[in-house]
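Notes to accompany the following structure.
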Amino acid sequence: MITLALSKGRIFEETMPLLAAAGIEVTEDPEKSRKLILETTRPDVRVVLVRASDVPTYVQYGGADLGVTGLDVLLENGNQGMYQPLDLRIAACRLSVAVRADYDYASAVRQGSRLRVATKYVGLSREFFASKGVHVDLIKLYGSMELAPLTGLADAIVDLVSTGNTLKANHLVEVERIMDISARLVVNQAALKLKREPIRRIIDAFASAIPPAKSPAP
Ligand code: PRT
Ligand code: MG
């Protein structure tokens with residue numbers, strides 16, 4: 001049995017075409033079913049649904065043989081002990097700094113002010129601002145980061161941006177792009193040895209179906 005860990009939503013949706021390229025179709029709709037283990041058209045392949053940030057944990061400890069997870073999750077929560085053979089180029093976005101449209105980020109940075117930054121990505125943010133020599137107080141949030149500058153909780157946020165619509169709807173502007181993010185295939189190292197052939201075939205099929213690279217947005 002081969003177990004693939006996915007999270008519901010965009011990772012699940014965007015992984016389906018890659019699975020199809022491997023001749024695998026999930027036979028249940030995760031949005032309609034409450035099941036956490038989904039069967040596929042291949043009796044030896046199943047999908048387990050876990051929280052996005054739990055995918056690496058499942059793969060690292062062998063709860064799943066393979067998984068699809070964002071680079072943001074891998075860099076923030078650890079990527080040790082896993083084989084990472086492919087950038088799948090799906091679920092693409094960027095990790096950015098955003099502030100209220102009326103907040104002068106550039107001059108705050110220039111003046112060496114201490115910035116209050118709210119984010120789910122405390123580790124990546126600490127690294128980024130340290131590399132710029134900007135002093136920050138980091139406030140850990142688990143969601144709705146956009147609210148922090150609007151309520152006075154923070155001067156800035158660090159969050160993922162794809163279309164930019166969420167920032168716009170909340171009168172925030174992107175002032176710095178920290179890094180480009182996309183989903184990665186991760187593989188349990190012991191599974192790769194023990195189930196080498198079937199896992200190799202899935203990796204190769206995924207590789208053949210990765211969407212073409214887009215030129216970076218401005
Ligand atoms: O939702 P939950 O708390 O269960 O977990 P999660 O938010 O980590 O899962 P999910 O499914 O939302 O995201 C899974 C992965 O998708 C992330 O780890 C990223 O690698 C990737 N991804 C790609 C994104 C986005 N694009 C994205 N736009 N994850 C989140 N967003 C959010 C962003 O945080 C912001 O709130 O969407 C909003 C911005 O989108 P735009 O289009 O308005 O700019
Ligand atoms: Mg989410």
Side-chain angles (χ1 to χ4, degrees), residues 4-19 26 29-36 38 47-60 63-64 66-79 82 84 86-101 117-125 127-128 138-151 153-154 156-186 206 210-211 213-214 216-218:
L4 170 67
L6 297 176
S7 54
K8 271 194 198 183
R10 69 189 102 219
I11 295 279
F12 183 91
E13 303 300 331
E14 298 187 32
T15 301
M16 289 306 106
L18 302 177
L19 273 177
V26 179
D29 178 352
E31 301 301 333
K32 293 196 181 120
S33 147
R34 285 168 186 265
K35 284 193 194 168
L36 298 176
L38 305 179
V47 168
V48 293
L49 296 175
V50 304
R51 280 297 289 263
S53 47
D54 291 336
V55 168
T57 308
Y58 269 81
V59 172
Q60 183 181 351
L66 305 130
V68 176
T69 184
L71 180 62
D72 51 317
V73 174
L74 286 174
L75 294 179
E76 184 70 27
N77 306 338
N79 55 359
M82 275 172 285
Q84 291 172 53
L86 296 176
D87 176 354
L88 300 173
R89 295 212 285 257
I90 59 169
C93 57
R94 54 197 185 268
L95 185 70
S96 292
V97 183
V99 299
R100 272 166 61 149
V117 179
T119 185
K120 175 166 142 184
Y121 301 98
V122 170
L124 287 172
S125 300
E127 226 172 275
F128 172 71
L138 293 166
I139 301 172
K140 167 88 182 183
L141 290 178
Y142 293 89
S144 303
M145 262 78 81
E146 298 84 8
L147 200 52
L150 305 178
T151 53
L153 179 66
I157 59 170
V158 169
D159 195 11
L160 302 175
V161 181
S162 44
T163 61
N165 290 339
T166 304
L167 292 181
K168 209 173 290 167
N170 291 291
H171 310 291
L172 301 177
V173 291
E174 192 177 356
V175 286
E176 233 170 333
R177 175 193 288 237
I178 300 177
M179 67 174 75
D180 288 324
I181 300 286
S182 55
R184 309 296 158 112
L185 182 65
V186 289
F206 273 32
I210 292 173
K214 286 195 194 94

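One-based numbering, in listed order, for ligands and for the atoms of each.
- Heavy atoms only, all atoms of each residue included: Ile157 and Met145 are closest at CG2-O, 3.2 Å.
- Distances shorter than 4.0 angstrom occur between a heavy atom of Gly70 and an atom of ligand 1.
- From Leu147, atom CG reaches atom CG of Asn170 across 7.5 Å, with rounding to the nearest 0.5 Å.
- Proximity of Asp159 to ligand 1, defined as any heavy-atom pair under 4.0 Å, is confined to the side chain (atoms from C-beta onward).
- Residues Leu75 and Met179 come closest through the heavy atom pair CD1-SD, 3.6 Å.
- For Met145, no heavy-atom contact with ligand 1 is shorter than 4.0 Å.
- The shortest separation from a heavy atom of Glu146 to ligand 1 is under 4.0 Å, placing the residue in contact.
- Atoms of ligand 1 found under 4.0 Å from any heavy atom of Val73, numbered from 1 in the order shown, are 18 (O).
- On a distance-only criterion, Ala52 and ligand 1 share no N/O pair closer than 3.5 Å.
- The atoms of ligand 1 that sit less than 4.0 Å from any heavy atom of Ile181 are 20 (O).
- Scanning all heavy atoms of the two residues, the minimum distance from Ile210 to Asp87 falls at CD1-O, 3.3 Å.
- Remark: distances from the non-hydrogen atoms of Gly164 to ligand 1 include one below 4.0 Å.
- Heavy atoms of Cys93 found under 4.0 angstrom from ligand 1 belong exclusively to the side chain.
- For ligand 1 and Thr166, the ligand atoms under 4.0 Å from any heavy atom of the residue are 38 (C), 39 (C), 40 (O), 41 (P), 43 (O).
- Considering backbone and side-chain atoms alike, Ser7 places every N or O at 3.5 Å or more from each N or O of ligand 1.
- Atom-to-atom distance recorded for Phe128:CZ and Thr119:OG1 is 11.5 Å, nearest 0.5 angstrom.
- Under the 3.5 Å distance criterion, with hydrogens and angles disregarded, no donor-acceptor pair is assigned to the side chains of Asn77 and Ser53.
- Atoms of ligand 1 lying under 4.0 Å from any heavy atom of Val161, numbered from 1 in the order shown and given with element: 44 (O).
- A salt bridge is absent between Glu13 and Lys8: the closest approach of a Lys/Arg side-chain nitrogen to an acidic carboxylate oxygen does not fall below 4.0 angstrom.
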Notebook entry, point to check: Hey, mind stepping through Asp54 and Arg51 against salt bridge (charged side-chain N to carboxylate O under 4.0 Å, His left out) and telling me if it holds?
Noted result: CA-CA 5 Å; Asp54 291 336; Arg51 280 297 289 263; 6.0 Å; no
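- Contacts between Asp72 and ligand 1, counted as non-hydrogen atom pairs separated by less than 4.0 Å, involve the side chain only.
- Comparing heavy-atom distances from atom 14 (C) of ligand 1 across Leu74, Val55, Ile11, Thr163 singles out Ile11 as nearest.
- Annotation for ligand 1: atoms under 4.0 Å from non-hydrogen atoms of Arg51 are 2 (P), 3 (O), 4 (O).
- Atom OH of Tyr58 sits about 13.5 Å away from atom OG1 of Thr69, to the nearest 0.5 Å.
- The ligand atoms of ligand 1 that sit less than 4.0 angstrom from a heavy atom of Asn165 are 43 (O), 44 (O).
- The two atoms that bring Met16 and Leu6 nearest to each other are CE-CD1, 3.9 Å, heavy atoms only.
- Residue contact check: Lys8 has heavy atoms under 4.0 Å from atoms 11 (O) of ligand 1.
- No N or O atom of Tyr121 sits closer than 3.5 Å to an N or O atom of ligand 1.
- For the pair Ser96 and Arg177, the tightest heavy-atom approach, listed with the atom from each and the gap, is OG-CA, 3.7 Å.
- Not a single heavy atom of Lys168 sits closer than 4.0 Å to an atom of ligand 1.
- Of all the heavy atoms in Val55 and Ala5, the pair that sits closest is CG1-O, 4.0 Å.
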